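Reviewing the structure listed below.
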Amino acid sequence: MHARMGRMVDVLEIDDRVSIPLAEIEFSAVRSQGSGGQNVNKVATAVQLRYDAMRSDALPEAVRSRLLELGDRRVTSDGIVVIKAQNSRSQARNRDAALERLAELIRAASRVDPPRIPTRPGAKAKALRVEDKRHRSKVKARRGRVRDD
């Protein structure tokens, strides 16, 4: 169960349309990397989260396909999201941080940009382009063989 604002919940709320049951998310405690003294060497406070987005019924098909197309290194080619959180000394805080990162990743995949409507360049842009071409032409015309007169 995941504690959020004083009450226990068993789903991760992504937005008003998408929520993931925590039963579909696998957690494992691992040792943190890097320096940190004796405590780091003895206690497994880092958390590794694994979420199989390909087999999850909680994700809409459009979000699932965009999640795979994001190109994020945390998403494997098999569609498994792997997130490691190790910033805190508390395993519970690292677990909450990993869940929040998963939610952010899925929110990014569920965001759809509006289609771009192509426009034509304005008169000022055309004039600037022609002026730049004229200037470049003069610069290149001055280049050439140096003659000794």
Side-chain angles (χ1 to χ4, degrees), residues 1-137 139-140 143:
M1 297 243 188
H2 176 65
R4 185 168 283 187
M5 292 192 265
R7 65 180 198 274
M8 300 302 274
V9 292
D10 54 352
V11 294
L12 175 64
E13 295 288 334
I14 306 299
D15 58 21
D16 56 339
R17 294 170 288 142
V18 180
S19 59
I20 300 172
L22 291 183
E24 293 186 4
I25 301 172
E26 179 187 320
F27 295 97
S28 56
V30 293
R31 288 188 179 166
S32 296
Q33 293 176 318
S35 61
Q38 296 171 348
N39 193 55
V40 165
N41 299 329
K42 293 187 295 186
V43 183
T45 56
V47 172
Q48 186 178 46
L49 173 150
R50 293 177 65 83
Y51 172 63
D52 192 348
M54 289 300 288
R55 293 188 180 87
S56 175
D57 294 329
L59 281 182
E61 189 57 42
V63 175
R64 181 179 298 122
S65 63
R66 281 195 299 270
L67 181 65
L68 295 173
E69 291 170 5
L70 277 178
D72 195 294
R73 63 181 172 81
R74 297 172 292 185
V75 182
T76 67
S77 59
D78 300 334
I80 297 174
V81 180
V82 180
I83 295 174
K84 184 176 181 184
Q86 61 181 8
N87 292 339
S88 175
R89 291 178 60 176
S90 161
Q91 194 178 98
R93 280 197 296 261
N94 282 333
R95 184 175 183 267
D96 289 343
L99 284 170
E100 186 55 40
R101 288 187 209 157
L102 175 64
E104 287 173 16
L105 186 66
I106 294 174
R107 279 186 206 111
S110 63
R111 199 172 304 121
V112 180
D113 292 331
R116 182 187 175 276
I117 300 169
T119 58
R120 295 203 165 153
K124 186 170 184 176
K126 286 181 183 178
L128 285 172
R129 182 178 152 274
V130 170
E131 180 58 37
D132 188 49
K133 284 175 69 112
R134 199 172 287 132
H135 176 72
R136 294 294 307 154
S137 174
V139 167
K140 289 185 175 188
R143 294 179 188 160

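Because only heavy atoms are used, hydrogens play no part in the values below, and waters and symmetry mates are left out as well, while side chains stay in. Values in this document were obtained by computation on a predicted structure and should not be read as measured data. Here, residue 1 is the first one in the sequence, and each next residue gets the next number.
Between Val75 and Leu68, some side-chain heavy-atom pair lies under the 4.5 Å cut-off. Within the 4.5 Å cutoff, the side chain of Val81 has heavy atoms near those of the Leu105 side chain. A heavy-atom distance below 4.5 Å is found between the side chains of Ile20 and Tyr51. Looking at heavy atoms from C-beta onward, Val18 lies in side-chain contact with Pro60 at the 4.5 angstrom threshold.
Across Glu100 and Arg107, no two heavy atoms sit closer than the pair OE2-NH1, 3.4 Å. Closest approach of Ala58 and Ser19 over heavy atoms only: CB-O, 3.4 Å. Minimum interatomic distance between Arg93 and Ser88 (heavy atoms only, all atoms of both residues): NE-OG, 2.9 Å. Here the closest heavy-atom approach between residue Gln86 and residue Ala46 is recorded as CB-CB, 3.6 Å. The shortest heavy-atom contact between Val63 and Ser110 is CG2-CB, 3.8 Å.
If you check the side chains of Ser56 and Glu24, you find a donor sitting under 3.5 Å from an acceptor.
The CZ atom of Arg50 lies 7.5 Å from the OG1 atom of Thr76; values are rounded to the nearest 0.5 Å. Note that CD of Gln91 is 7.5 Å distant from OG1 of Thr45, once rounded to the nearest 0.5 Å. A distance of 11.5 Å separates NZ in Lys140 from NE2 in His135, rounded to the nearest 0.5 Å. The CG atom of Leu49 lies 9.5 Å from the CG atom of Leu22; values are rounded to the nearest 0.5 Å. Rounded to the nearest 0.5 Å, atoms CD1 (Ile83) and CG (Leu102) are 5.0 Å apart. The distance from the CG atom of Asp15 to the CD1 atom of Ile106 is 9.5 Å, given to the nearest 0.5 Å.
Both tests pass for Arg95 against the ring of Phe27: distance under 6.0 Å to the centre and angle within 45° of the axis.
Environment of CG in Asp132: crowded, with over 12 heavy atoms of neighbouring residues, nucleotides or ligands closer than 6.0 Å.
Listed for the Asn87 side chain is no donor-acceptor partner under 3.5 Å among the backbone atoms of Asn94. A donor-acceptor pair under 3.5 Å is formed between the side chain of Arg64 and the backbone N or O of Ala53. At distances below 3.5 Å, at least one donor-acceptor pair connects side-chain atoms of Arg101 with backbone N or O atoms of Lys84.
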key: Residue pair Arg55, Asp52: steps toward the salt bridge (charged side-chain N to carboxylate O under 4.0 Å, His left out) verdict   = CA-CA 6 Å; Arg55 293 188 180 87; Asp52 192 348; 2.6 Å; yes
